[in-house]
Structures are given as C-alpha cells and as structure tokens.
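Reviewing the structure listed below.
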Amino acid sequence: MNDKGLLFVLGREGIHIFPDKRVFPLGIENKILTVKEIREAIIVSGKDKEHDGFEKPYLFVIKEPSCSIDQVKEQLNCVIESQLLPEEKPEKIFFIDKKPILKFKTDRKWLQRKYNLNFINS
C-alpha cells in the first residue's frame, strides 16, 4: 500500500506441475468464472502425490445460492473439458459456502490446511 492508500497486487506464483510446467491460478479461475452459476472460483496448489516436489491445482467453488450443486457441476465440467489445458484441470473440486479471508485476501493456506492438500509453497 502506498502513502495515498492505494493497494497494488503484484501477482501470484504459478503452480509447478509435472513435468516441469507452470500453470497460473488467475488464468484458470477466470475460465471457471465464465460459468454464470459460479460466484467465486479459487485455485489452490496441493502436493502431487505421484511426483515428489511438484503440485496439482485444486478448485474451490462458491456457487450462486439459487443453483444446485448438480447444475453447477454440469456447466463446470463443460468448461473444464473445453477450455482448460490438461495441466490446468483441477485434481479435485470442493464446494464451499464462503471464501476464507486473511488481511483482505483469500486465505489459500487455510484452505490447504483444512482440506489436507499437503501444500509445498508456504
């Protein structure tokens, strides 16, 4: 934050995917958010259990209250299959009711701990 109270977002690291690729959470989230039934999409990295030292993306979704999970899953699967690269596809999808916040940001570390994703990046 500068002296005028403006906050600058400098970016987030990519997720290191096997074999030696990087995917960027914001790009995946933006594609997921094309589903109108989804209010929020949060990509979090988790440990790749098959490849030591690498990660996989995990998706947390907050759906619109008026939609059922089944409605959202159907639309979400269409977007995942048609718009995401194989390395961008979430390892698992979690539906949550609200976004955890820490210091005005999404608390991704809390999600990693709560859902036991054995995260690498700290």
Side-chain angles (χ1 to χ4, degrees):
M1 187 177 297
N2 70 9
D3 59 346
K4 295 180 183 175
L6 296 174
L7 180 67
F8 295 90
V9 178
L10 300 176
R12 298 195 322 232
E13 289 185 25
I15 298 172
H16 196 197
I17 304 289
F18 180 84
D20 210 21
K21 292 184 179 184
R22 279 208 187 271
V23 297
F24 295 91
L26 185 59
I28 300 170
E29 291 164 353
N30 286 339
K31 291 174 187 175
I32 297 298
L33 287 172
T34 62
V35 177
K36 65 180 177 157
E37 293 88 354
I38 294 178
R39 180 177 286 181
E40 297 266 357
I42 305 161
I43 290 289
V44 173
S45 64
K47 186 176 181 180
D48 183 337
K49 294 174 184 156
E50 296 172 8
H51 304 100
D52 192 34
F54 292 93
E55 304 162 299
K56 293 204 175 205
Y58 289 80
L59 174 61
F60 291 84
V61 171
I62 301 171
K63 66 176 189 62
E64 289 293 344
S66 61
C67 299
S68 72
I69 287 178
D70 288 337
Q71 287 174 307
V72 176
K73 280 183 180 178
E74 184 179 332
Q75 296 299 316
L76 181 56
N77 286 333
C78 288
V79 169
I80 288 170
E81 291 307 315
S82 66
Q83 294 186 31
L84 296 183
L85 298 170
E87 58 269 16
E88 294 177 320
K89 292 181 180 178
E91 180 71 10
K92 189 170 182 181
I93 300 168
F94 300 94
F95 285 85
I96 59 176
D97 293 326
K98 66 179 190 172
K99 177 168 58 171
I101 301 292
L102 177 68
K103 297 183 182 179
F104 308 105
K105 308 187 313 187
T106 303
D107 191 350
R108 286 178 165 73
K109 288 182 186 178
W110 184 87
L111 289 169
Q112 289 169 321
R113 285 189 304 271
K114 170 132 173 97
Y115 291 89
N116 197 27
L117 300 180
N118 300 315
F119 60 97
I120 295 170
N121 292 337
S122 37

Where do F95 and I93 come nearest, in terms of heavy atoms and distance? CE1-CG2, 4.0 Å
Nearest heavy-atom pair of I42 and I96: which atoms, and what distance? CD1-CD1, 4.3 Å
May I ask you to test the I15-K56 pair for a side-chain heavy-atom distance under 4.5 Å? no
Would you check if L76 and I32 make a side-chain contact, meaning some heavy-atom pair closer than 4.5 Å? yes
Take a 6.0 Å sphere around CD of E64 and say whether it holds more than 12 heavy atoms from other residues, nucleotides or ligands. yes
Kindly compute the distance separating NZ (K89) from CD1 (I28), expressed to the nearest 0.5 Å. 12.0 Å
I need the E87 CD to R22 CZ distance, nearest 0.5 Å. 13.0 Å
Using a 4.5 Å cut-off on heavy atoms from C-beta on, say whether the side chain of H16 contacts that of K21. no
Are V35 and L85 joined in one hydrophobic group, where the rule is that I, L, V, M, F, W and Y side chains link up if heavy atoms are under 4.5 Å apart? no
Hey, what do you get for SG (C78) to NZ (K73), rounding to the nearest 0.5 Å? 14.0 Å
Return yes if some donor-acceptor pair links the side-chain N/O of K63 with the main-chain N/O of C67 below 3.5 Å, else return no. yes
Any donor-acceptor N or O pair under 3.5 Å, side chains Q112, S45: yes
If you compare all heavy atoms of R108 against all heavy atoms of I43, which two are closest, and at what distance to 0.1 Å? NE-O, 3.1 Å
Does the distance from a Lys or Arg side-chain N to an Asp or Glu carboxylate O, for E40 and K99, drop under 4.0 Å? yes
Using a 4.5 Å cut-off on heavy atoms from C-beta on, say whether the side chain of P57 contacts that of V44. no
Quick one: does Q75's side chain have a donor or acceptor within less than 3.5 Å of a partner on E37's backbone? no
Between F60 and Y115 (judged by ring centroids, cut-off 6.0 Å), do the two rings come close enough to count as a pair? yes
Let me confirm one number: the CG-NZ distance from L111 to K114, rounded to the nearest 0.5 Å. 9.5 Å
For the residue pair D52 and K47, what are the closest heavy atoms and their distance? OD1-CE, 4.2 Å
Is any side-chain heavy atom of D107 closer than 4.5 Å to one of I101? no
Carboxylate-amine/guanidinium proximity below 4.0 Å for E55 and K49: no
Heavy atoms of L59 and A41 approach each other most closely as CD1-CB, 4.1 Å
Is Q71 reaching over with its side chain to a backbone N or O of S68, donor-acceptor style, under 3.5 angstrom? yes
Testing the basics here: between Y58 and E91, what is the closest heavy-atom pair and its distance to 0.1 Å? OH-CG, 3.5 Å
Is the number of heavy atoms from other residues, nucleotides or ligands under 6.0 Å of K31 NZ greater than 12? yes
